[in-house]
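First comes the structure, then the notes that go with it.
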Amino acid sequence: MNSQSDAIANEAAVATPATRRWLWVPNLITILRFVLTAAFPFASPTWRATLIFAAAFSDFADGYLARRFNLTSWVGGILDAIADKAFILTALITFAAEDRIEWWQLGLLLARDVCVAFVAIYVSINREWSAFKHMASRRLGKLTTACLFPFLIALALTSEESVPMILLFAVCAALSVLAGADYLIKFARAVRRPRAATT
């Protein structure tokens with residue numbers, strides 16, 4: 001169903017036993033992002049930019065190590081996606097609760113995550129667990145995450161609403177909406193294929 005998912009499966013299949021023993025390394029880095037998520041709402045404002053930078057770096061590091069040393073797995077991919085979304089969701093809600101961003105802005109920035117959550121809920125209700133293996137990250141989704149981290153750092157460093165901040169928000173919001181639409185379209189096509197095959 002997805003070339004990226006197939007690539008991950010192929011990489012995992014050719015991994016040597018020695019390589020597979022180190023699968024826990026990128027996953028541990030991903031799990032550390034959950035620790036940063038839990039700490040963020042309680043952290044001093046002076047430390048928030050550091051926590052966001054650490055989360056962004058861990059997102060890069062676990063992905064790089066997994067690809068570079070053939071430590072990829074579909075479980076690790078799902079775990080990484082959940083860790084990203086958990087941290088970004090927590091940070092955005094924290095800033096919204098402090099009136100740093102408006103709630104309507106929060107809705108736009110989380111459009112992608114709402115769509116992904118809808119897909120995950122649908123898959124869970126229908127108990128199509130194997131579908132999670134095909135819910136690989138999409139290019140627009142990765143771009144959204146890559147844009148949101150600088151936006152969060154900017155929010156942590158300044159309370160002023162400047163033109164660059166407005167532009168950065170606009171780009172993040174547009175990417176989030178587009179990424180959400182992209183996930184829904186891909187999901188609709190994936191659901192339609194089995195139905196078409198049985199008719």
Side-chain angles (χ1 to χ4, degrees), residues 4 8 22-69 71-103 105-117 120 132 135-159 164-165 167-180 183:
Q4 184 176 355
I8 291 175
W22 295 98
L23 272 174
W24 61 271
V25 175
N27 288 345
L28 178 61
I29 297 174
T30 301
I31 291 172
L32 289 176
R33 199 146 66 252
F34 287 107
V35 177
L36 295 173
T37 300
F40 189 86
F42 309 102
S44 167
T46 58
W47 280 97
R48 284 181 178 170
T50 302
L51 293 180
I52 297 167
F53 180 82
F57 180 78
S58 72
D59 183 34
F60 165 79
D62 59 13
Y64 173 79
L65 290 174
R67 291 186 298 270
R68 175 65 178 81
F69 297 102
L71 300 173
T72 54
S73 67
W74 75 270
V75 173
I78 293 295
L79 192 65
D80 178 66
I82 294 174
D84 282 343
K85 290 170 177 55
F87 183 85
I88 289 173
L89 175 65
T90 300
L92 286 173
I93 289 179
T94 300
F95 285 126
E98 296 174 352
D99 295 325
R100 299 295 308 283
I101 57 174
E102 300 292 336
W103 289 99
Q105 293 176 309
L106 177 68
L108 288 175
L109 294 172
L110 294 178
R112 173 200 58 175
D113 304 285
V114 170
C115 293
V116 171
F132 282 110
M135 292 176 64
S137 297
R138 304 279 288 170
R139 188 180 301 274
L140 279 171
K142 290 182 177 181
L143 285 174
T144 302
T145 300
C147 184
L148 280 169
F149 276 122
F151 177 72
L152 290 172
I153 291 175
L155 276 177
L157 292 177
T158 179
S159 59
M165 281 290 293
L167 291 176
L168 187 55
F169 162 75
V171 172
C172 289
L175 285 173
S176 181
V177 171
L178 290 173
Y183 277 114

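Sequence positions, counted from 1, serve as the residue numbers for this chain.
A side chain to side chain contact (heavy atoms under 4.5 Å, CB included) with R48 is found for exactly one of I153, L155, T94, L157, namely T94. Partner of F151 under the side chain to side chain contact (heavy atoms under 4.5 Å, CB included) criterion, chosen from I52, I88, I101: I101. The side chain to side chain contact (heavy atoms under 4.5 Å, CB included) test with D84 is passed by exactly one of L148, T144, D59: D59.
A side-chain donor-acceptor contact under 3.5 Å links S58 and R33.
Here the CG atom belonging to D80 is positioned 9.0 Å from the OG1 atom belonging to T145, to the nearest 0.5 angstrom. Separating the CG atom in L36 from the CZ atom in F34 is a distance of 11.0 Å, to the nearest 0.5 Å. Rounded to the nearest 0.5 angstrom, L175 CG and L143 CG are separated by 6.0 Å. Atom CD1 of residue I93 and atom CD of residue E98 lie 12.5 Å apart, to the nearest 0.5 angstrom. Here CG of L108 is found 14.0 Å from CH2 of W103. Values are rounded to the nearest 0.5 Å. To the nearest 0.5 Å, atoms CZ (F57) and OG1 (T50) are separated by 14.0 Å.
Under a 3.5 Å cut-off, the side chain of R112 and the backbone N or O of G141 do form a donor-acceptor pair.
Other residues, nucleotides and ligands contribute only 12 or fewer heavy atoms inside 6.0 Å of the CZ atom of F53.
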Stepwise side chain to side chain contact (heavy atoms under 4.5 Å, CB included) test for L79 and I31: CA-CA 8 Å; L79 192 65; I31 291 172; 4.1 Å; yes

Stepwise side chain to side chain contact (heavy atoms under 4.5 Å, CB included) check, L109 with F169: CA-CA 8 Å; L109 294 172; F169 162 75; 3.8 Å; yes

CA sep, side-chain torsions, deciding dist, call: L110, S176, side chain to side chain contact (heavy atoms under 4.5 Å, CB included): CA-CA 7 Å; L110 294 178; S176 181; 5.7 Å; no

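Heavy-atom minimum distance, L168 versus C147: CD1-SG, 4.0 Å. Nearest heavy-atom pair across P26 and D62 is O-CB, 3.4 Å. Closest approach of T90 to P41, counting heavy atoms only: CG2-CG, 3.5 Å. In terms of heavy-atom proximity, A55 sits nearest to F149 at CB-CE2, 4.0 Å.
Within the 6.0 Å centre-distance limit, the rings of F40 and F95 are counted as a close aromatic pair.
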